[in-house]
Amino acid sequence: MSDSNTTDFTNPSTFILLGIPGLQAAHVWISIPFCTIYVIAVLGNFTILFIVKREPSLHEPMYYFLCMLAVTDLVLSTSILPKTLSIFWFNSREIDFSACLTQMYFILSFSAVESGIFVAMALDRYVAICDPLRHSTILTNPVVAKIGLAVVLRGGMLILPHPFLARQWPYCRTNIIPHSYCEHIAVIQLACADIRVSSYYSLSVAFFVIALDVFFIAVSYTQILRAIFSLPTKDARLKTFGTCSSHICVILAFYIPGLFSFLTHRFIHNVPRHFHILIANLYLLVPPMLNPIIYGVRTKQIRVRLLRLFTHKGT
């Protein structure tokens, strides 16, 4: 009798996620920091949304973009961790084929959305620092809404072909995915067909999104730094730079592990699989945890409102 996991099929009804191959014995222990990171991310991002909604003085473009970032982080982390924890805790490894493709789509599209939000935030800081007198007339609420819609549509439309291409491939080898979630490359590598179209499209989109966004962010912050260094006093320079430092920290926390995960998977094949999978998980979990912490600590307006909220509760 043939193994059900390796029976020939072209449209599998389910995939089997292995979690972190080679570290199955440590799944329960690995779940502790993963769960802690997720709880902090959820609480932190909901706190950001609550504070901005409650405080009319924070109804400005910078904080609207911050709310978009918080929602994106919640979607990203929630797309992978509940299923990952069910594998770690309950050995619940099966995932429906359509659910797998849906998870893949959400991870890729909202990663692209998050990258676009960083560009929007860099644009906001550029206008606020380099042309402050026109900031309120350039970035009006309708313009902010249009930018947000454009970022979401770009991420959604560019990633839309991925699940459709993945669905059309025949999967006649195995339905076992050596990963903790439905990563795009891990899924399409199971297909017994020429997947170069999917692979090249994925590579093109990744380089298009990352290269273009990093370029615009770099140009914006180059102009911002030039404006900062041209300020007349040291105090003014430090104060202005402080408003940008939180953005720079968040951007680095998103792009550096993401690029490392992408490049090692594509071009460096001697990295241990369990190490790559851990990095791939942390890339999607750590930035959503760090973003509200960095903004809470580095942004005075949010820090003051948060302290005021707890002070009022205490009294």
Shortest non-hydrogen contact from [X] to [Y]?
X	Y	result
Leu282	Pro287	O-CD, 3.6 Å
Gly155	Val113	CA-CG2, 4.2 Å
Tyr38	Pro82	OH-CG, 4.4 Å
Ile277	Ser180	CG2-OG, 4.0 Å
Leu69	Ile117	N-CD1, 3.8 Å
Ala112	Arg154	O-NH2, 3.2 Å

Return yes if some donor-acceptor pair links the side-chain N/O of [X] with the main-chain N/O of [Y] below 3.5 Å, else return no.
X	Y	result
Thr137	Arg134	yes
His27	Ile87	no
Gln103	Tyr181	no
Ser111	Ile107	yes
Ser31	Val28	yes
His276	Arg273	no
Asn45	Ala41	yes
Lys83	Ile95	no
Thr222	Ala218	yes

Does CD in Glu94 sit with more than 12 non-hydrogen atoms of other residues, nucleotides or ligands closer than 6.0 Å?
no

Stepwise side chain to side chain contact (heavy atoms under 4.5 Å, CB included) check, Asn175 with Leu190:
CA-CA 7 Å; Asn175 63 342; Leu190 302 182; 5.7 Å; no

Do [X] and [Y] share a hydrophobic cluster (ILVMFWY, side-chain heavy atoms under 4.5 Å, transitive)?
X	Y	answer
Val286	Leu43	no
Val39	Trp29	no
Leu153	Leu123	no
Leu203	Met157	no
Met104	Phe164	yes

If we only count heavy atoms from C-beta on, is the [X] to [Y] side-chain gap below 4.5 Å?
X	Y	value
Val71	Leu49	yes
Asn281	Phe34	yes
Phe106	Ile159	no
Ser115	Ile210	no
Ile228	Gln223	no
Phe110	Ser79	no

Drop me the distance from [X]'s [atom1] to [Y]'s [atom2], to the nearest 0.5 angstrom.
X	Y	atom1	atom2	value
Phe88	Ile30	CZ	CD1	5.5 Å
Ile32	Leu85	CD1	CG	11.0 Å
Asp131	Leu139	CG	CG	10.0 Å
Trp169	Ser198	CH2	OG	6.0 Å
Met121	Ile217	CE	CD1	10.0 Å
Ser109	Glu114	OG	CD	11.5 Å

Taking the inter-plane angle between the rings of Tyr171 and Phe15 on a 0 to 90° scale, is it parallel (under 30°), tilted (30 to 60°) or perpendicular (over 60°)?
perpendicular

Mind checking whether Phe254 and Tyr283 have parallel, tilted or perpendicular rings, split at 30° and 60°?
tilted

Are [X] and [Y] close enough that a side-chain donor and a side-chain acceptor fall under 3.5 Å?
X	Y	answer
Arg93	Ser86	no
His135	Asp124	yes
Ser13	Asp96	no

Hey, would you say the Tyr221 and Tyr126 ring centroids sit under 6.0 Å apart?
no

Residue that, paired with Met289, satisfies side-chain contact (heavy atoms from CB on, under 4.5 Å) out of Leu285, Ile293, Asn291
Ile293

Sole residue of Ile48, Ile51, Ile302 in side-chain contact (heavy atoms from CB on, under 4.5 Å) with Tyr63
Ile302

Step-by-step side chain to side chain contact (heavy atoms under 4.5 Å, CB included) determination, Leu212 to Phe207:
CA-CA 8 Å; Leu212 202 62; Phe207 276 117; over 6 Å; no

Does the pair Tyr255 and Phe118 meet the rule for a side chain to side chain contact (heavy atoms under 4.5 Å, CB included), with working shown?
CA-CA 10 Å; Tyr255 283 110; Phe118 287 136; 4.2 Å; yes

Considering only distance and modelled atom types, tabulate donor-acceptor pairs under 3.5 Å from the side chains of residues 16-24, sequence neighbours left out.
unit_1, atom_1, unit_2, atom_2, d
Gln24, OE1, Gly22, N, 2.8

Side chain to side chain contact (heavy atoms under 4.5 Å, CB included) between Ile248 and Leu252: does it pass, once the steps are laid out?
CA-CA 6 Å; Ile248 295 171; Leu252 292 176; 4.0 Å; yes

